[in-house]
Asks: 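Following this message is one structure expressed as structure tokens.
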2 protein chains.
Amino acid sequence: MPHGYGYGSPWWHGRFRGCGYRITVPRQAILDFLSRTSKHMSAEDIYVGIHKTFPNVGLTTVYRTLELLVEMGLVFKFDFGDGRARYELAMGPKGVRHHHHLVCTSCGRAIDYTDFIDEEKELLARTEKGLSEKYNFRISNHLIQFYGLCDKCRGK
Amino acid sequence: MPHGYGYGSPWWHGRFRGCGYRITVPRQAILDFLSRTSKHMSAEDIYVGIHKTFPNVGLTTVYRTLELLVEMGLVFKFDFGDGRARYELAMGPKGVRHHHHLVCTSCGRAIDYTDFIDEEKELLARTEKGLSEKYNFRISNHLIQFYGLCDKCRGK
DNA sequence: ATATAAATGAAAATGATTTTCAATAAGAGT
DNA sequence: ACTCTTATTGAAAATCATTTTCATTTATAT
Ligand SMILES: [Mn+2]
Ligand SMILES: [Mn+2]
Ligand SMILES: [Zn+2]
Ligand SMILES: [Zn+2]
């Protein structure tokens, strides 16, 4: 329960209200579902995951909602190279949960890691500064992914 | 002219022969085209670029050839987030030309950079080692991209 | 030159995502 | 609670990059 909003309105209600967005059943269902998993879910995964309890929420709405949530910064959208986008909640109990990925090229799963984020941060900061100056490029974001074989897929 | 093969058979003929692949008109055309540009080209870009001189090379073959070249390690395939894959020659005069990208979220163009590769290399090596051990993950590749606004797109 | 399998191109298929549009339902005001 | 306005929704159709199919062509070993 992020930000101590264990009971009462979920913490993100304010964000919606502030943007003039309505709080609807599909939106609640999707955010609730995402907050219950730590996996990287495709739009269809989410559609299926919700469908049992909310059979009337369509896949179209899932796509539309995810787009909105990404735009609002509540959800991260990733491409792990298998042709379908993956989504995960951006916010954790401690605020935005920036992290990088280890992507298995065999089973497609992605592992979150934050271990070296601090070391990386320094390099990134320096790199970003240098690149910004040299190329007059305003960096706002970065993507770092390592590809390889996961534990389970090592044995061919 | 990589590896000093300025005249005579292009340097990559050997690679093809070694794999039992045939040297065909479409394959020559595509490799030749890619070697003449430093841009990041989509399959269709390549198809169009070749079409004037080789009107009988189909888009299907462009896709198939690119897939082959990527698998052979002669070409890099990237996703800059606009829904179409981009390709570029992996080999330069000095061998494999590993580099990272600055991707403009406005115009979609990508700038190659190698400036900080050396500094990054050290961190990456350390990171890869640590991650490999902790997650028992065999890392074979990585992707680093910075997103933001390019020089030209800065002025809104 | 011939044989054989690899490679090709046109057309059709695929599959994730987006668009369209009429119907529904938040939520502000009463 | 009731009404009004308009954001939101769901189903079906459309998009569009990429892949598959399959009959034809062509590279190359002999
Ligand atoms: Mn993640
Ligand atoms: Mn590049
Ligand atoms: Zn795996
Ligand atoms: Zn730009």
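Remember, it's a predicted structure, so these values are computed and weren't measured experimentally.
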Asks: Please report the distance, rounded to the nearest Å, between CG in D82(B) and C1' in dT18(C).
Replies: 16 Å
Asks: Tell me: OH of Y47(A) to P of dA16(C), nearest whole Å?
Replies: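 Those two atoms, OH and P, are 14 Å apart.
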Asks: Ignoring backbone atoms, test whether Y63(A) places a side-chain nitrogen or oxygen under 4.0 Å from the OP1 or OP2 oxygen of dT18(C).
Replies: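 No.
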Asks: How long is the line joining NZ of K77(B) and C1' of dT19(D), in whole Å?
Replies: 11 Å
Asks: Evaluate R15(B) against M72(B) for side chain to side chain contact (heavy atoms under 4.5 Å, CB included), listing each step before the verdict.
Replies: CA-CA 8 Å; R15(B) 290 287 289 274; M72(B) 291 176 72; 4.0 Å; yes
Asks: Rounded to the Å, how far apart are D79(A) CG and dA16(C) P?
Replies: 14 Å
Asks: May I ask you to verify if any side-chain N or O of T61(A) is less than 4.0 angstrom from the OP1 or OP2 atom of dG10(D)?
Replies: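 So the side chain of T61(A) is within the cut-off, an N or O lying under 4.0 Å from OP1 or OP2 of dG10(D).
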Asks: Counting side-chain heavy atoms from CB outward, which of dG9(C), dG10(D), dA17(D) is closest to R84(B)?
Replies: dA17(D)
Asks: What's the separation between atom CE in M91(A) and atom CG in L74(A), rounded to the nearest 0.5 Å?
Replies: 6.0 Å
Asks: To the nearest Å, give me how far apart CZ (R86(A)) and C1' (dA16(C)) are.
Replies: 12 Å
Asks: Starting at CG of L59(A) and ending at C1' of dG10(D), how long is that distance when rounded to a whole Å?
Replies: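 Atom CG in L59(A) sits about 11 Å away from atom C1' in dG10(D).
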Asks: So if I take residues 18-31 of chain A and measure heavy-atom distances to DNA chain C, which residues fall below 4.0 Å?
Replies: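 Per residue number, the list reads R22(A), I23(A).
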Asks: Distance check needed: dA7(C) P versus N56(B) CG, whole Å only.
Replies: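 Roughly 18 Å, once rounded to whole Å.
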Asks: Measure the CD-CG distance between Q145(A) and L143(B) for me, rounded to the nearest 0.5 Å.
Replies: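 Q145(A) atom CD to L143(B) atom CG measures 5.5 Å (nearest 0.5 Å).
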Asks: Considering only side-chain heavy atoms of R64(A), which listed nucleotide, dG9(C), dG10(D), dA16(C), is closest?
Replies: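 It is dG10(D).
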Asks: Before accepting this row, confirm whether a basic side-chain N of the pair K77(A)/E88(A) lies closer than 4.0 Å to the acidic partner's carboxylate O.
Replies: no
Asks: Should R84(A) and D79(A) count as an ion pair when the cut-off is N to O under 4.0 Å?
Replies: no
Asks: Does any non-hydrogen side-chain atom of Y47(A) lie less than 4.5 Å from one of V57(A)?
Replies: no
Asks: Report the relative orientation of the aromatic rings in H101(B) and F80(B); use parallel for angles under 30°, tilted for 30 to 60°, perpendicular for over 60°.
Replies: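 Ring orientation, 0 to 90° scale: perpendicular.
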Asks: To the nearest angstrom, how far is L66(A) atom CG from dA16(C) atom P?
Replies: 15 Å
